[in-house]
Amino acid sequence: MSYRGPKGTYDVYPGGGQGQEPHERPELWAWAESVARDFFRRYNYTEVRLPVFEEARLFIRSVGEASDIVRKEMFVFHDKGGRELSLRPEGTAGVVRSYVEHGLYKLAQPVKMWYFGPMFRHERQQKGRYRQHVQIGAEVIGSADPLVDVEVISLLYNIHQALGVRDEIVYLNNLGDLETRRRFVPELRGYLKKHESELDPDSVSRIETNPLRTFDSKNANTQALLAEAPRIGDFLSEEAKGYFEAVKEGLAVVGVPYAIDERLVRGLDYYTLTVFEAKSTALGAQDTVGGGGRYNGLVQELGGPEMPGIGFGSGVERILLAANAPDEVPKLDVFFITLAPEARLPAFSLASVLRSSGLSCDLDYADRSAKGQFKQADRGGARYAVVIGDEELADGVCSVRDMTTGEQRAVSIVEGPWELIKALGV
RNA sequence: GUGAUCGUAGCUCAGUAGGCAGAGCAUCGGGUUGUGGUCCCGAAGGUCGCGGGUUCGAGCCCCGUCGGUCACCCCA
């Protein structure tokens with residue numbers, strides 16, 4: 001094989017589902033995007049389309065120097081002007097950059113935005129994890145109303161449910177505001193240092209850089225130790241506690257089931273207060289379908305005014321992997337069957353007119369036999385086969401065959417395509 | 001980045017002990033000089049991931065490399 005797609009990437013291509021993963025099937029992508037798009041319309045979100053690369057320092061500043069994404073997962077490159085750029089590893093940084101750059105804080109707040117597009121992380125791939133993957137995401141900037149948190153979380157959950165994600169659980173936590181973190185982090189760090197010898201190496205290295213992340217460890221010893229560790233819930237300010245309660249109450253009202261997970265911290269540094277993660281047990285080890293959180297300091301951090309924000313990102317490959325994918329065959333309205341060389345141009349012309357009228361149609365381009373053309377019509381799920389051969393040409397008609405019933409009748413084409421269009425019931 | 005495991009037809013996979021590269025599905029044709037979805041017959045389709053080594057002889061054994069898969073790490 002002379003060429004292959006780059007490591008960790010995949011193709012979406014026609015193949016009738018033979019040997020294809022759900023996320024390799026074009027019709028499932030079309031379905032997922034249209035379902036998501038309709039949800040965003042109903043929730044009044046505006047689509048943004050942003051570059052897939054940005055200045056690298058944007059991600060370093062927002063996602064965080066100590067984060068794994070910045071430390072080892074960014075596709076960084078230099079352009080010919082010596083600028084250091086990076087393929088975007090996540091969506092929030094670009095959206096916030098755009099919000100600040102275009103002064104969107106002058107618009108009526110909050111500004112509600114969504115996007116659908118590829119993200120890039122240089123990782124070893126496995127089930128549900130690719131170096132290029134697609135995220136559906138939403139960001140709401142300019143409101144600190146806990147009901148916005150509820151809206152964002154329920155939007156994520158409802159999209160997943162509409163797409164058939166199986167066995168989904170939404171985990172929820174509150175990381176507190178900056179004041180909370182200031183008091184909690186030294187406390188946790190002290191505890192971890194005391195038990196340093198019993199921790200796994202990854203967790204030890206995080207004691208100084210980002211002690212909150214140790215909560216994510218899958219190491220059994222570390223987890224046992226953390227059960228006794230100080231809890232962030234005990235350090236929350238009254239405001240943060242009240243905020244958390246309001247979010248929980250809102251979720252109950254809109255019927256989003258959730259579970260509190262006090263160890264949920266997430267790997268991006270910009271989160272404050274609400275964080276959430278939607279997982280599905282239908283996936284492998286990479287069981288997070290979508291997640292996000294509030295980032296009340298980020299807009300200011302990136303040079304804008306003090307504006308709160310919240311958002312989610314959800315992996316479309318993982319959605320499709322965790323979903324009960326519909327097994328819909330794309331349907332063709334008409335397939336033209338030409339049984340004489342002189343029939344090809346009239347058929348081609350009729351197809352062109354039918355397409356203008358909104359019907360989907362196709363014809364044989366492979367010089368197939370009559371039988372082969374009917375098979376092709378059948379494969380395409382055609383409702384009608386329109387046959388044009390010597391006999392039809394002599395009579396100025398075409399033979400319209402209903403592929404479900406097998407009934408066939410002659411329709412005049414002497415006056416043009418209008419009889420045919422009428423017969424097909426447009 | 002670490003570990004395990006696997007690369008044979010478009011797809012799913014057989015391939016015995018190292019001895020001529022196979023099946024099913026899909027594709028194309030024929031049975032029906034112009035009629036599909038069922039059936040029957042046939043054809044086409046391969047640098048056995050790639051490179052090196054051992055051997056009279058390698059899909060099979062050895063080394064390397066690239067890629068897939070799964071897990072760790074981390075996340076979507």
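Only heavy atoms go into these numbers, but all of them, side chains included; no hydrogens, no water, no symmetry mates. We name chains A, B, ... by the order of the sequence lines, and we start the count at 1 in each one. On a predicted model such as this, the values are computed, not experimentally measured, just so you know.
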> Which one, G34(B), G36(B), G68(B), comes nearest to the side chain of Phe374(A)?
Replying inline: G36(B)
> G34(B), G36(B), C72(B): which one has an atom nearest the side-chain heavy atoms of Ser399(A)?
Replying inline: G34(B)
Could I get a table of every N or O pair under 3.5 Å where one atom is in the protein and the other is in nucleotides 28-32 of chain B?
residue, atom, partner, partner atom, Å
C28(B), OP1, Arg368(A), NE, 2.6
C28(B), OP1, Arg368(A), NH2, 2.9
C28(B), OP1, Arg379(A), NH2, 3.1
C28(B), OP2, Arg379(A), NH1, 3.2
C28(B), OP2, Arg379(A), NH2, 3.2
G29(B), OP1, Ser369(A), N, 2.8
G30(B), OP2, Ser369(A), OG, 3.3
G30(B), O6, Lys371(A), NZ, 3.3
G31(B), N7, Lys371(A), NZ, 3.1
G31(B), O6, Lys371(A), NZ, 2.4

>> Applying a 3.5 angstrom cut-off to the pairing atoms, does RNA chain B sit in any stems of at least three consecutive Watson-Crick or G-U pairs? List them by first number.
In response: B:1-7 with B:66-72, B:10-13 with B:22-25, B:27-31 with B:39-43, B:49-53 with B:61-65
>> Heavy atoms from C-beta onward define the side chain here; which of A76(B), C72(B), U35(B) lies closest to that of Arg124(A)?
In response: C72(B)
> Between C75(B), G36(B), C66(B), which nucleotide has the shortest distance from any of its atoms to the side chain of Arg4(A)?
Replying inline: C66(B)
>> Looking only at the side chain of Arg318(A) (C-beta and beyond, no hydrogens), which of the listed nucleotides G36(B), C75(B), G1(B) gets closest?
In response: C75(B)
> How far does OH of Tyr271(A) sit from CZ of Arg181(A), to the nearest 0.5 angstrom?
Replying inline: 11.5 Å
> Tell me: CD of Glu21(A) to P of A76(B), nearest whole Å?
Replying inline: 21 Å
>> With no hydrogens and no angle check, just 3.5 Å: does a side-chain donor-acceptor pair link Ser62(A) and Glu301(A)?
In response: no
>> By nearest heavy atom, map Thr9(A) and Gln286(A) onto RNA chain B; which one lands nearer the 5' end?
In response: Thr9(A)
>> As a test of reading the structure: which of G67(B), G1(B), C75(B) is closest to the side chain of Asp287(A), going by heavy atoms?
In response: C75(B)
>> I'd like to check Phe116(A) versus Trp29(A) (side-chain heavy atoms, cut-off strictly below 4.5 Å). Are they in contact?
In response: yes
> Would you call Val397(A) and Glu419(A) a side-chain contact if the rule is heavy atoms closer than 4.5 Å?
Replying inline: no
